[in-house]
Amino acid sequence: MPPSEEIKLRAVSPRPDFKANYLEFANAPAIVRANQKDSYFETVLRDKLQNVIQIFKGQRFTHTHPEEIGVAAKALYLSLTTLLGTKTLGEEYVDLIYVSKDGKRIPRYLSRAGFIFAYAILPYFLTRLFRRLKSSSTQTDEVTEEKINKELPISLRIEKYLSNLSYSKVLDTIMNLHIAVFYFSGQFYNISKRFFSMRYAFGHKINKERTPNGNYELLGGLIVLQLAMKSLGGFKGLIGSFTGDDEHDESNLRANNKDIMYGIPSEEEQEEAKQQLGIIDLSDPSQLPYIPESSRQCMLCLSYMTNPTAANCGHCFCWSCIIDWCKERPECPLCRQKVLEQQLLPLH
C-alpha cells in the first residue's frame, strides 16, 4: 500500500501499552448531529437546484419530478464533498473524518464513489422497481379470499400472504433494524457505509470521560420492541390466513361498526360519505361540468381535484393541497403571486 494512503492516526487500541497518538472512533451522538446538519444542507441545496430547474424547465417539471430533483441534490452534495475527499458541512461541524473499518487508512476513491451511489442513487431505482413489481402483481389473476382460505393448500396460502407484503414495508423494517443496531454499537449509521466499510472517527483528541454517549441504547431498544410488536401482528395475520379467521373477524367488525379504522371503506360507503360531507370530487364528470377535463387535475398532488379551490390569481388546486402549501409558503405554486389563506375561494 502506498504511504500516501496510510494515516498515522487511527482508533484507540485496547492494549494499555499502546501509547502512540491515535484517533478515537466517533460515538453515536456525534454521528447523529453530523447527519442532521447534512440533511439540512441537502434540503437547502435541493431548494436551490429546484429553483434553477424551474427557470429552464418550468414549474410543472419540478412538481412532476420531485424525487429525481432530491436524488440529484443529494448526489451533488456528496460528490462535491465526500467523493473529493473533503468533509461535508455536517462532518466539519462535529469534526469527523472517514476511516476504514479497522481505522488504519482513509477509504479509497472507489469506496467513496460506491457509497454515494448506494446511498443517494440506488434507493431511487429500487423504489421504482418495487412500484413496477407491485403494479404488475395487481394485474395478475385475482382469487377471492374465500377461495384462498378454503381451497388453497397451506404452501400456496403462505406464498399468497408473502406476495401481498409491501416491498416498502420490508425495506423500512430492514432500515429500522439497522438503525437500532447503530444505536447499540455506534457503528455505520447507513447500510451503504457498512457495506463499503466506512466508519467515522473524531479529528481531534477527546476525553472519553467527558464525552456524553447519550441514551441511544434506549432508542435502539424501543425500535426493537416496535419491530417485535409488528412482527407479532404479521404472524397472527399469517396464522389467520390458514384458518380464515382473519377475514371472518374483519367482516364482523365491519358489520358491527362502520368506522373506517377497521379497513378501507367500499366504494358505496365512500360515495355516501362524500354526499353527506358535501365533498366535490372532480373525478366525477357530473360535478362542476363547466371545468374542462384538461383543468380538473391538481398541480400539487397530480390527481383529480377534491373540493377545488381557486387562488386570487385564478389557479385551482385541491383545498387541502393549497391550504398546506400556503401554511409553508404564502404564494401560488405556479405563478408565485402572493396568496393568503383567507383569499382562497372554494368552487361550488
In this structure, is the centre-to-centre distance between the rings of Y200 and F25 below 6.0 Å? no
So does S283 get a backbone contact from the side chain of D281, meaning a donor-acceptor N/O pair under 3.5 Å? yes
Restricting to ring pair (Phe, Tyr, Trp, His ring centres under 6.0 Å), what partner residues turn up for F182, sequence neighbours left out? Y189
Would you check if the side chain of R46 reaches a backbone N or O of P66 as a donor-acceptor pair within less than 3.5 Å? yes
Decide yes or no for V99 and I97: does some side-chain heavy atom of the first lie under 4.5 Å from some side-chain heavy atom of the second? yes
L300 vs P333 side-chain heavy atoms within contact, under 4.5 Å: yes
Report yes if some heavy atom in the side chain of L282 is under 4.5 Å from a heavy atom in the side chain of I280; otherwise report no. yes
Any luck finding a side-chain donor-acceptor pair between Y77 and D38 under 3.5 Å? yes
Salt-bridged, D95 to K87, with N to O below 4.0 Å? yes
Taking all non-hydrogen atoms of both residues, which atom of C332 and which atom of C313 are closest, and how far apart? SG-SG, 3.5 Å
Do we see a donor-acceptor contact under 3.5 Å between the side chains of Q54 and R336? yes
M305 side chain reached by C316 side chain, heavy atoms, under 4.5 Å: yes
Hey, is CD on E341 packed in by over 12 heavy atoms from elsewhere, all under 6.0 Å? yes
Just wondering, do M299 and F317 contact through their side chains at under 4.5 Å, heavy atoms? yes
Between the main-chain N or O of P107 and the side-chain N or O of S111, is there a donor-acceptor pair closer than 3.5 Å? no
What pairs with E92 under salt bridge (Lys or Arg N to Asp or Glu O under 4.0 Å), at least two apart in sequence or on another chain? none
Would K37 count as a cation-pi partner of Y93, with NZ or CZ less than 6.0 Å from the six-membered ring centre and within 45° of the ring normal? yes
Which atoms form the tightest heavy-atom contact between A73 and L49, and what is the distance? N-CD2, 3.9 Å
Between N176 and V224, is there a donor-acceptor pair closer than 3.5 Å when you use the side chain of the first and the backbone of the second? no
With a 4.5 Å cut-off on side-chain heavy atoms, are K74 and E42 touching? yes
Going by distance alone, is a donor N or O of one side chain under 3.5 Å from an acceptor N or O of the other, for S286 and D284? yes
Using links of under 4.5 Å between side-chain heavy atoms of ILVMFWY residues, direct or through other members, which residues join Y304 in one cluster? none
Checking E91 side chain against T88 main chain: does a donor-acceptor pair fall under 3.5 Å? yes
Which heavy atom in C318 sits nearest to a heavy atom in T309, and how many Å separate them? C-OG1, 4.5 Å
Kindly indicate whether the side chain of I322, heavy atoms from C-beta on, has any atom under 4.5 Å from the side chain of C326. yes
Would the distance check show the side chain of T86 and the main-chain N or O of T82 forming a donor-acceptor pair, the cut-off being under 3.5 Å? no
